Amino acid sequence: MMQIVIQGLLLSGLYALIAMGFTLIFSVGRVLNLAYGAYLLIGGYVYFTVSQTFGVPKPIGLLIAATVGCAVGLLKYRFLVKPLKGDHVAVEISTLILAVVLQAGVVFLYGDSSKILLPIVPGVIQVAGASVTYNLLAATIASWAILIGLYIIVRKTHIGRAMQAVSMDNKGAAISGVDPDKINMFTWGLSGTLGAIAGVFFASYTQLHPAMWVAPLIIAVAVVIVGGIGSIIGTLIVAHIIGFMEIISVALIAPELRGVFTMILIIAVLLIRPQGLFGREELQ
Amino acid sequence: MTGIRWYHLALWIAFVAIMFVMPQLVSKGTLRIIIMANFLAIFAISWDVLSGRTGYISFGHPFLIGIGAYTSAILTKRFDVPLEVAMPIAVLMTMIGGIIVFLPALRIKGSYFALVTLAFMELIYQLVQVIRPDLTGGTRGMSGIKTITRGAVSNYYLSASLLIAIAFSMWLLMKTQLGIALSAIGMNEESVRGSGLSTTKLKLFAFLTSAFVAGIGGAFYVHYLGSIAPRALFDINFLFTIIVAALIGGASTIIGPIIGAFFLTFLLEFLRPYLPGAERYFIYGMVALLLYMYQPKGLIALMHTGWNKLTGAR
Amino acid sequence: MSHPLEITNLVKRFGGLVATNDLSFHVEQGQSVGLIGPNGAGKTTVFAQIMGEHRQTSGTIKLYGKDIGNKTTPERIRLGVSRTYQVPRPFSDMTVLENIRVGQMSSSIWKMITTRPNHEREEEIAHSVGFAEADLHKTPGELSMGDLRKLEMARTIATGTSVMLLDEVFAGLTVAEIAQIATLIQKMRSDGMTFLIVSHDLKALEPLVDSLVAINYGSKIAEGSFAEVMGNASVRESYLGVV
């Protein structure tokens, strides 16, 4: 029992981290970034190259991965999303294509086989009969720290309020002196940073593989759909619902079904409450 | 979207004629490539009838194709059902799958709808592996599935006839007022309701038609390949190829997805000697991305512009 | 003889907000009624309820004596009521004629497939709202705001409507365009069309209506001829901001 609780908390923390950057773009930029999973891919592989191949200290490796993620986010906004001027379908399609391109790029550079990422923080601790890797614990702590930081940024700072304004109404924000372009730029960069950091932890939890972007994308999608857009707290809660559902199905029902319940939850929520459990409005 | 003109029919006759003499012109290897292009074109047409017209972007088309393929494969291999019975049942099952995908479209649209269809694809991918693996073959899939015919030439004629039949009937259907109504949904769904038309009925029809084509395509495809594997079918790359074929060919047309399918298939084959593995998708995707960003209306629009420049028309 | 449009005790609540408060009025055959009120008075909400875009909380909406309160929007349109929008919503990649065609279509999918479009009727409708021959194959992107309003009205006419709701038809138009639309409404009135018109432009509205209904905070505050309603103290206070 205790083991389920602990495992659930840890996995949920990771999921919350993964979903956060995706939710951010969905609520502020109002577009679906299907290449979001690619940030995780890039983050994981950059970290792998820097830290494991070149032996750069891990924190610096993480920093470099985050910087590259940020840069990719900014580039994506500047050269893909902005030229398409809010055409949702075009953004969805082109980000999907981009994700496939990036995956192929990784295959090109690193090959098709999976790589093991060494734990960022090695070691295992026994807590109430559950073995907890320091690595996942670190991911969870980092995730919580980032989420709290994000919450403070969005709620308390000037730029956060500007983000909220843009997420509600682009034109209205522009009239009240907020430059939606700058805010979007900032959000895409932030989303890329978060994605890359999540990617490093996710890859060290599972493994590094060119197709590793799909599963986290689906998790992020699930969290956004079930939680509804625009709520950091909602994201956190739903990440826990999904995380615990997976752990419970692995421990008590059947490990193969761990993803199935998530999908069923997505479909059920959409049919019963399309705006999500915590969403305030429907997104077109 | 105007009526049928003489040159439309002339183009169709030319297309059929070229497809007919193709085996005399190219090698068996090339013929095999064209077979794949034919199937891809069928899938792209199926996607376009739904997403290209009504604007309900389906990221779950492999879900529908998979239902058709798996149903027919399971019935023939596990229950020894004859092909001519199994395939219609497969198409019917796919249409039921189409209704399942349609249900969320009653309440959500845009990005949310696209996301659910993606979830449908992941769901069936996981279910196929865990539920009754004795029937589905689990993670490894199935092989030794009955094939309809043997040899490159006869398989080519089969797939080409199928493509022509589907393309022509879809073309005729979309030339009617129904085609206009479906495109109208893609432009402004509220205004279609405001014109007194039931968008629910129209959307259901689009989903069923799309599923019908996907089911036929899926069933014939699996009985051509003789094998099926979940990872190859419910795959983002496969989905990507279908959507991109429709889009870079030219969405909301019939010839567009065909052109797109042939372009992509041959591009992929052209790259094979240089890049043998999955990294081919890098160049392939870049070409698709640039083309899409340059002209979202696709190759068909580029060809129009080129033709007009050539003939000096405006 | 039942009225083309009759609204009785209509109430619409959005959570705690009462958008329509026990509203009753009717429009007689061939008449034109103006619905006026300050911003946020709930005029558009009334339209949305008549068309079934919002479901009323309580009360009845009758079309030619038939209760349409539980019907879907397309069903209501086929029974003979339809509306235009303040912001025109045309089909952007279609020509003027094709836009009208969508309004003309039968709602049966089988008939959509098997019947040919009635080009003569499409052109007749297009000309009747004032489109020139050269405009028929233009797309909405090439049209002026006035033309877009005409296109909305043309598509509405194509549905075979006999009760037309016009929402802020004059907003954003030039003086010349306002005159054109006004002439068009007058012509349609003489052809027997029944109108319910929402407009802020009272000067343009005056010659077009037989009577006015004024609402504020979702409630009716006055009803009668143009002069009567304009002379009403509470209308002047709420709507014009003068006592």
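Hydrogens, waters and symmetry mates play no part in the numbers below; they use all other heavy atoms, side chains included. In this text the structure is predicted, and so the values were computed from the model without any measurement.
The choice from A:Asp112, A:Val221, A:Ile264 that makes the most heavy-atom pairs within less than 4.5 Å of chain B is A:Val221. Of the listed residues (A:Val106, A:Ile266, A:Ile218), the one with the most heavy-atom contacts under 4.5 Å to chain B is A:Ile218.
In this structure, chain A has a heavy atom under 4.5 Å from the side chain of B:Leu247, while its backbone stays farther away. Heavy atoms closer than 4.5 Å to chain B are found in the side chain of A:Val214, but not in its backbone. Contact annotation for A:Leu109: neither backbone nor side-chain heavy atoms come within less than 4.5 Å of a heavy atom of chain B. For A:Phe261, no part lies near chain B; criterion is any non-hydrogen pair under 4.5 Å.
Minimum interatomic distance between B:Gly285 and A:Ile97 (heavy atoms only, all atoms of both residues): O-CG2, 3.4 Å.
Residue B:Met93 qualifies as open at atom CE: its count of foreign heavy atoms under 6.0 Å is 12 or below. The number of heavy atoms from other shown groups lying within 6.0 Å of CZ (B:Arg140) does not exceed 12. No more than 12 heavy-atom neighbours from other residues, nucleotides or ligands sit within 6.0 angstrom of CZ on A:Phe108.
Each of A:Leu102, A:Val100, A:Val107 was checked for a side chain to side chain contact (heavy atoms under 4.5 Å, CB included) with B:Tyr281, and the lone residue meeting it is A:Val100.
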Output a table of donor-acceptor pairs, distance under 3.5 Å, between side-chain atoms of residues 289-303 of chain B and any protein atom two or more places apart or on a different chain; print 'none' if there are none.
from, atom 1, to, atom 2, distance (Å)
B:Gln295, OE1, B:Lys297, N, 3.0

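Contacts from residues 235-246 of chain B to chain A, taken as heavy-atom pairs separated by less than 4.5 Å, involve B:Ile236, B:Asn237, B:Phe240, B:Ile243, B:Val244 in sequence order. Within residues 251-260 of chain B, no residue has any heavy atom under 4.5 Å from a heavy atom of chain A. Of all residues spanning residues 118-132 of chain B, those with a heavy atom less than 4.5 Å away from chain A's heavy atoms are B:Leu118, B:Ala119, B:Phe120, B:Glu122, B:Leu123, B:Gln126, B:Leu127, B:Val130, arranged by number.
In this structure, A:Leu96 and B:Phe59 have side chains that are in contact, with non-hydrogen atoms separated by less than 4.5 Å.
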